[in-house]
There are 2 protein chains.
Amino acid sequence: MGKSTNEVRGRVSDFLAAKGVRLTAQRSCLIDIVFSTTRHFTADELLDMARRKDPEISRATVYRTLPLLVESGMLKEMDFGEGRKLYDPNYATNPHHNHLICTDCGRIVEFEDAVMERRVDDIATSLGYIPINKSVQIKGACRTLRDSGTCANKNNSQSSKTNRANTASLKAAKRRTLK
Amino acid sequence: MGKSTNEVRGRVSDFLAAKGVRLTAQRSCLIDIVFSTTRHFTADELLDMARRKDPEISRATVYRTLPLLVESGMLKEMDFGEGRKLYDPNYATNPHHNHLICTDCGRIVEFEDAVMERRVDDIATSLGYIPINKSVQIKGACRTLRDSGTCANKNNSQSSKTNRANTASLKAAKRRTLK
DNA sequence: TTCCCTGCAAAGGGTTTGCACCCCA
DNA sequence: TGGGGTGCAAACCCTTTGCAGGGAA
């Protein structure tokens, strides 16, 4: 299965060491926070979380650390065209998932599909490129909401700004992966 | 095949009429420019192009018109995570294409693939959603550049900010579409 | 006349950066 | 002690918005 939180932290530390940058208290704090959650977060949300541990940490440090984590390959930067970046720590353990965003409630569902993954690779190859980074984003309307008028997520997650993926969604998506 | 430029303009006009908004001189000017090119462009680039025809046109009008064109379904808004939005007029004539971005030169290659399209729809359906909008973005490294050290695009298109898709790329991609 | 639309300029929101200070190696 | 790292605040960039003037219905 996926990597454990500790293993992920170790890998990031190794990456920073290899790159010759120091593992400072602030960076360590940020790494701990980032990889102890499965939630997607914005830079600002990470700052909030970090300040609960270390009230002195600055916004600049957060913005300077995030690209390091992304470069390490353990954190994924995403852009759903909402004017800010979202970060997904689940790539550390599940590097092949993609996202479906509900147009009704903004909920983000993670899914994995090996067939699609392969197809996308084949397309890149046939175009003469070596695939480096693939992003499949689906915006979809909740069928349950259409059919029955209610949606489990609609109730508690109207504000798309604060919606998060949850662990269950990825597991469920894997289970449902098409044959 | 695809719709002609005039047909696209007609559709947009119809959309605006149905929506009850006026086809002003400024909007007409912008529509002409947007749909007489196959290039991707930013809001700012559209402003530049528009001012060559009408030096009085304002940035605000451009920013207010773009969402109308997107809403009409004839123009696609894209976000490659570069801090600004790109607009793709080719969706008017080819609504099912996606994009590969070269990590070497920033070139954007358009491609269509029915198999992948279907797969993505199936995934959305199996997750319980009605697919509304699908975006597949591939970042890839130019194999020619890797193999031979040169790349036709590398020479004339280093600045990713000004790179554009060309008509040929879409046609070529269709030809190469996987069976 | 009414109401939509425009241009101007200022405001907004996310992100980056210059600079002085700090601190570990 | 040298050079990276941090915090602060200002700068940046793209985009949105308030407002007064203007023009089509």
Side-chain angles (χ1 to χ4, degrees), chain A residues 12-13 15-33 40-72 75 77-87 159-162, chain B residues 12-13 15-33 40-72 75 77-87 159-162:
Chain A
V12 175
S13 300
F15 170 82
L16 295 181
K19 195 178 165 68
V21 304
R22 293 177 199 156
L23 182 58
T24 62
Q26 291 90 338
R27 284 176 183 159
S28 182
C29 168
L30 289 170
I31 291 167
D32 282 353
I33 292 168
H40 300 154
F41 56 84
T42 63
D44 206 58
E45 287 166 348
L46 176 56
L47 177 63
D48 282 348
M49 294 187 279
R51 283 195 168 153
R52 272 174 231 142
K53 279 195 174 187
D54 172 7
E56 302 299 301
I57 205 161
S58 77
R59 170 170 273 105
T61 296
V62 169
Y63 274 103
R64 285 176 183 128
T65 301
L66 281 169
L68 289 174
L69 304 188
V70 170
E71 197 188 341
S72 81
L75 183 66
E77 184 180 281
M78 308 187 300
D79 199 321
F80 295 147
E82 296 163 322
R84 67 195 195 292
K85 287 170 180 162
L86 272 187
Y87 295 89
S159 88
S160 67
K161 292 222 169 192
T162 52
Chain B
V12 176
S13 300
F15 170 81
L16 294 181
K19 195 178 165 66
V21 303
R22 292 177 200 156
L23 183 58
T24 63
Q26 289 90 338
R27 283 175 183 160
S28 182
C29 169
L30 290 169
I31 291 168
D32 282 353
I33 292 168
H40 300 155
F41 56 84
T42 64
D44 207 58
E45 287 166 350
L46 177 56
L47 177 63
D48 282 348
M49 294 187 278
R51 282 195 167 152
R52 271 174 232 141
K53 278 195 172 186
D54 171 6
E56 303 298 302
I57 205 162
S58 79
R59 171 169 272 104
T61 296
V62 168
Y63 273 103
R64 285 177 184 129
T65 302
L66 281 169
L68 288 175
L69 304 188
V70 170
E71 197 188 341
S72 80
L75 183 67
E77 184 180 282
M78 308 187 300
D79 199 321
F80 295 146
E82 295 163 323
R84 67 194 195 294
K85 286 170 181 162
L86 272 187
Y87 295 89
S159 87
S160 67
K161 293 221 171 194
T162 52

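Every chain is numbered from 1, with letters handed out A, B, ... down the list of sequences.
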Self-check item: T61(A), nearest nucleotide to its side chain (from dG7(C), dG7(D), dT15(D))
Solution: dG7(D)

Quiz item: Which residue pairs satisfy the salt bridge (charged side-chain N to carboxylate O under 4.0 Å, His left out) criterion with at least one member in residues 20-31 of chain A, sequence neighbours excluded?
Solution: none

Exercise. Take nucleotides 20-25 of chain D nucleotide by nucleotide from the 5' end and write B, S or -, depending on whether a protein heavy atom sits under 4.0 Å from the base, only from the sugar-phosphate, or from neither.
Key: ---B--

Quiz item: R51(B): what forms a side chain to side chain donor-acceptor pair (under 3.5 Å) with it, not counting sequence neighbours?
Solution: none

Could you write out each protein N or O paired with an N or O of nucleotides 18-20 of chain C at a distance under 3.5 Å?
residue: dG18(C); atom: O6; partner: R64(A); partner atom: NH2; Å: 2.8

Exercise. Mind listing the closest non-hydrogen atom pair of G81(A) and D79(B) along with its distance?
Key: CA-OD2, 3.4 Å

Quiz prompt | Per R51(A) side chain, nearest of listed nucleotides dC8(D), dC5(C), dT15(C) | solution = dC8(D)

Practice problem: Measure from CG on L23(A) to C1' on dT6(D) and round the result to the nearest Å. | Solution: 15 Å

Which side-chain N or O atoms in residues 63-72 of chain B pair as donor and acceptor under 3.5 Å with protein atoms at least two apart or in another chain?
residue: T65(B); atom: OG1; partner: T61(B); partner atom: O; Å: 2.7
residue: E71(B); atom: OE1; partner: K19(B); partner atom: NZ; Å: 3.2
residue: E71(B); atom: OE2; partner: K19(B); partner atom: NZ; Å: 3.1
residue: S72(B); atom: OG; partner: L69(B); partner atom: O; Å: 2.6
residue: S72(B); atom: OG; partner: M74(B); partner atom: N; Å: 3.2

Quiz item: If you look at every strand shown and take non-hydrogen atoms under 4.0 Å, does R59(B) touch a base, only sugar-phosphate, or nothing?
Solution: base

Self-check item: Separation of atom CZ in F41(B) from atom C1' in dT15(D), rounded to whole Å
Solution: 16 Å

Quiz prompt | Residues forming a salt bridge (charged side-chain N to carboxylate O under 4.0 Å, His left out) with D32(B), sequence neighbours excluded | solution = R9(B)

Quiz prompt | E56(B): partners by salt bridge (charged side-chain N to carboxylate O under 4.0 Å, His left out), with sequence neighbours left out | solution = none

Quiz item: Want to settle it: does P67(A) or G20(B) sit nearer the 5' end of DNA chain C, counting the closest nucleotide to each?
Solution: G20(B)

Quiz item: Taking for each residue the nucleotide of DNA chain D bearing the nearest heavy atom, is the 5' side occupied by Y63(B) or by V62(A)?
Solution: V62(A)

Quiz item: Taking OP1 and OP2 of dC8(C), is either one under 4.0 Å from a side-chain nitrogen or oxygen of S58(B)?
Solution: no

Exercise. Nearest whole angstrom, please: distance from the P of dT15(C) to the CG of D44(A).
Key: 8 Å

Quiz item: To the nearest 0.5 Å, how far apart are CG in D48(B) and OG1 in T42(B)?
Solution: 8.0 Å

Exercise. Would you mind reading off the distance between L68(B) atom CG and dT16(D) atom P, rounded to a whole angstrom?
Key: 12 Å

Quiz item: salt bridge (charged side-chain N to carboxylate O under 4.0 Å, His left out) with D44(A): which residues, sequence neighbours excluded?
Solution: R59(A)

Quiz item: Would you say the side chain of Y87(B) lies within less than 4.5 Å of the side chain of H40(B), judging by non-hydrogen atoms?
Solution: no

Practice problem: Mind calculating the distance between CG (L16(A)) and P (dC24(C)) to the nearest angstrom? | Solution: 18 Å

Exercise. Report the distance from atom CD1 of I57(B) to atom P of dC5(C), rounded to the nearest whole Å.
Key: 14 Å

Quiz item: Under a 4.5 Å cut-off applied to non-hydrogen side-chain atoms, are L23(B) and V12(B) in contact?
Solution: no

Quiz prompt | Length of the OH-C1' vector between Y87(B) and dC14(D), whole Å | solution = 10 Å

Exercise. Would you mind reading off the distance between E56(A) atom CD and dC21(C) atom P, rounded to a whole angstrom?
Key: 18 Å

Quiz item: Reckon T24(A) has a side-chain N or O less than 4.0 Å from the OP1 or OP2 of dT6(D)?
Solution: yes

